[in-house]
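Take a look at the structure below.
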Amino acid sequence: MTAPTMIGLRLPDVDVWSERVTVALGQNPSPFTGPGTNTYLVGTGRRRLLLDPGEGRPGYLAVLERAIEAAGCEGIEAIVLTHGHPDHMGGVRSVRERFGELPVWKRPWPGIDARYGVPLEPLDGGDRVRTEGATLRALHTPGHAPDHLCFVLEEERALFSGDNVLGVGTTVIPLESGDLADYMASLERMLAEAPDRIYPAHGPAIEDGVGKIREYIAHRRAREAEILAQLGTAPRSVMEIVGVVYAAYPVSLHAAAAQSVGHHLRKLEREGRARREGGDPLTSLWRRA
């Protein structure tokens with residue numbers, strides 16, 4: 001018998017979102033992570049699954065201990081990862097040092113996973129990770145990262161969206177390892193699950209999961225149309241396009257916006273709707289094909 005989950009409890013860095021889901025902040029707030037990476041305790045038993053143990057900041061383990069108390073459990077059964085970016089996977093080693101040699105479930109990302117120095121159990125789309133009271137079914141949803149997994153919480157018809165859908169703002173797709181076409185396909189895959197609720201990696205829970213995913217898809221399509229409208233017979237640089245499409249945004253965000261524009265242009269190029277003069281998509285000149 002476990003202690004009751006304290007549903008409705010709100011602390012500065014711990015919250016209980018359902019009888020199966022307790023969230024703790026990863027203590028890594030920034031312009032790109034919002035209030036910090038959401039790390040989740042999932043299940044109803046004495047030991048829970050820990051989804052994405054954050055970046056590994058020194059204060060995180062104390063926060064995790066408070067989350068365990070709020071969840072009414074005693075510890076952690078296994079670690080499950082959405083993907084291998086540092087703000088999600090960097091905390092694995094410190095959690096294992098504190099709680100023992102827990103299994104770590106993740107979709108492999110060759111060349112990246114080894115830097116964290118922890119043994120991994122391979123996980124892929126369609127696989128399930130089970131614990132008492134909860135079943136996580138993995139969806140391979142690349143685009144933000146090639147190894148990215150979302151997880152359907154089958155008992156709640158909810159979705160852990162990782163970095164693909166956020167509680168605030170939109171997803172950054174790194175130019176060196178992301179892919180916009182893959183990301184758009186992943187959003188469609190997530191939409192097909194028709195989640196009632198979304199638990200994102202950053203920001204608050206999303207109560208209208210289907211509506212939020214449709215909003216994300218519409219936003220990317222509208223942005224693509226804006227970028228395509230900037231292309232003509234005369235070549236234009238990425239920063240010229242950014243200056244028009246993102247005119248309402250602070251100049252300090254234009255470098256990040258350039259990565260998004262670069263992804264859209266590469267997608268348009270593969271579709272035969274744009275062409276470039278040069279190699280690097282960010283420094284090339286672009287025109288309509």
Side-chain angles (χ1 to χ4, degrees), residues 2 5 7 15-24 26 37-54 64 67-68 71-85 87-89 91-92 95-96 99 102-109 113 118-167 186-187 189-202 205-207 209-210 212-213:
T2 60
T5 299
I7 296 176
D15 203 354
V16 179
W17 284 353
S18 80
E19 66 173 316
R20 297 179 180 86
V21 178
T22 298
V23 61
T37 303
N38 291 341
T39 79
Y40 293 98
L41 291 169
V42 183
T44 61
R46 288 181 174 274
R47 296 196 301 156
R48 310 287 171 92
L49 300 177
L50 176 61
L51 181 66
D52 283 358
L64 182 57
I68 288 170
C73 64
E74 298 175 0
I76 299 168
E77 181 176 351
I79 297 171
V80 183
L81 299 171
T82 58
H83 62 297
H85 285 161
D87 61 314
H88 295 256
M89 193 171 172
V92 169
V95 171
R96 294 181 87 237
F99 293 94
L102 303 167
V104 182
W105 295 91
K106 182 189 177 297
R107 191 178 196 275
W109 187 354
D113 293 336
V118 295
L120 299 175
E121 302 290 338
L123 194 62
D124 207 346
D127 293 340
R128 286 175 169 83
V129 182
R130 294 181 172 88
T131 189
E132 184 176 335
T135 306
L136 296 181
R137 173 166 52 86
L139 303 176
H140 182 211
T141 49
H144 172 72
D147 61 332
H148 196 283
L149 297 174
C150 293
F151 294 95
V152 176
L153 177 55
E154 295 186 337
E155 289 78 4
E156 293 188 10
R157 197 173 171 180
L159 180 71
F160 291 96
S161 61
D163 275 352
N164 276 13
V165 172
L166 308 179
S186 291
L187 289 178
R189 189 171 301 120
M190 296 162 67
L191 183 62
E193 294 292 333
D196 292 331
R197 200 178 202 201
I198 289 178
Y199 298 120
H202 305 278
I206 299 163
E207 300 301 334
V210 168
K212 178 58 74 171
I213 298 171

Quiz prompt | Note, P119 side chain near R96 side chain (heavy atom, < 4.5 Å) | solution = yes
Quiz item: Does V92 reach the side chain of L81, with side-chain heavy atoms less than 4.5 Å apart?
Solution: yes
Quiz item: Can you say whether the rings of Y199 and Y40 are parallel (under 30°), tilted (30 to 60°) or perpendicular (over 60°)?
Solution: tilted
Self-check item: Over all atoms of both residues, closest heavy-atom pair of L102 and A78
Solution: CB-CA, 4.5 Å
Exercise. Apply side chain to side chain contact (heavy atoms under 4.5 Å, CB included) to T141 and F151, showing your working.
Key: CA-CA 10 Å; T141 49; F151 294 95; over 6 Å; no
Exercise. Examine the side chains of S18 and E156 and answer whether a donor and an acceptor come within less than 3.5 Å of each other.
Key: yes
Quiz prompt | Where I213 and P195 come nearest, the two heavy atoms and their spacing | solution = CD1-CG, 4.0 Å
Quiz item: Measuring from N164:CG to T82:OG1, what's the distance to the nearest 0.5 Å?
Solution: 8.5 Å
Exercise. With rounding to the nearest 0.5 Å, note down the distance linking CG in L64 to CG in L50.
Key: 5.5 Å
Self-check item: Side-chain touch I79/F99, heavy atoms, less than 4.5 angstrom
Solution: no
Quiz item: Are K106 and E121 ion-paired here, with the side-chain N under 4.0 Å from a carboxylate O?
Solution: no
Quiz item: Just by distance, with hydrogens left out, do H202 and N38 show a side-chain donor and acceptor under 3.5 Å apart?
Solution: no
Exercise. Look only at the side chain of S186 and the backbone of P142, and say whether a donor-acceptor pair between them is shorter than 3.5 Å.
Key: yes
Self-check item: Heavy-atom check, side chain of I68 versus side chain of E74, under 4.5 Å
Solution: no
Quiz item: Do I76 and V95 have side chains that get closer than 4.5 Å, going by heavy atoms?
Solution: yes
Quiz item: What are the two closest heavy atoms between V210 and A194, and how far apart are they?
Solution: CG2-CA, 3.6 Å
Quiz item: What pair of heavy atoms forms the shortest contact from L166 to G162, and how long is it?
Solution: CD2-O, 4.0 Å
Quiz item: Distance-only, no hydrogens or angles: does the T37 side chain make a donor-acceptor pair with backbone N or O of D87 under 3.5 Å?
Solution: yes
Quiz item: Quick one: CG on L123 to CG on L149, what's the gap to the nearest 0.5 Å?
Solution: 5.5 Å
Exercise. Determine the minimum heavy-atom distance between P200 and A205, stating which atoms define it.
Key: CD-CA, 4.0 Å
Exercise. Might you work through the side chain to side chain contact (heavy atoms under 4.5 Å, CB included) test for R197 and I206, ending with a clear yes or no?
Key: CA-CA 6 Å; R197 200 178 202 201; I206 299 163; over 6 Å; no
Practice problem: Begin from the C-alpha positions of L51 and T39 and carry the test side chain to side chain contact (heavy atoms under 4.5 Å, CB included) through to its verdict. | Solution: CA-CA 6 Å; L51 181 66; T39 79; over 6 Å; no
Quiz item: Between M89 and V118, which heavy-atom pair has the shortest distance, and what is it?
Solution: CE-CG2, 4.3 Å
Practice problem: Before giving the answer on side chain to side chain donor-acceptor pair (under 3.5 Å), spell out for H88 and D163 the whole-Å C-alpha distance, their side-chain angles and the decisive distance to 0.1 Å. | Solution: CA-CA 10 Å; H88 295 256; D163 275 352; 3.0 Å; yes
Quiz item: Can you list the steps and then say if T131 with R48 is a side chain to side chain contact (heavy atoms under 4.5 Å, CB included)?
Solution: CA-CA 7 Å; T131 189; R48 310 287 171 92; 5.8 Å; no
Self-check item: Trace of the salt bridge (charged side-chain N to carboxylate O under 4.0 Å, His left out) decision for R128 with E154
Solution: CA-CA 10 Å; R128 286 175 169 83; E154 295 186 337; 2.9 Å; yes
Quiz item: Side chains of H83 and D52: do they bring a donor and an acceptor to under 3.5 Å?
Solution: no
Exercise. Could you grab the distance from atom CZ of R137 to atom CG of D127, nearest 0.5 Å is fine?
Key: 11.5 Å
Quiz item: Is the closest side-chain heavy-atom distance between T22 and D15 below 4.5 Å?
Solution: no
Exercise. For R189 and H140, indicate whether the former's side chain and the latter's backbone hold a donor-acceptor pair under 3.5 Å.
Key: yes
Self-check item: Distance in Å, L136 CG paired with R20 CZ, rounded so as to fall on 0.5 Å steps
Solution: 11.0 Å
Quiz item: Between P108 and D147, is any pair of side-chain heavy atoms under 4.5 Å apart?
Solution: no
Quiz item: Angle class for the H85/H144 ring planes (parallel below 30°, perpendicular above 60°, tilted otherwise)?
Solution: perpendicular
Quiz item: Say you draw a straight line from CG of L49 to CZ of F160; how long is it, rounded to the nearest 0.5 Å?
Solution: 9.0 Å
Practice problem: Decide, yes or no, whether a salt bridge links E155 with R130 under the criterion of side-chain N to carboxylate O below 4.0 Å. | Solution: no
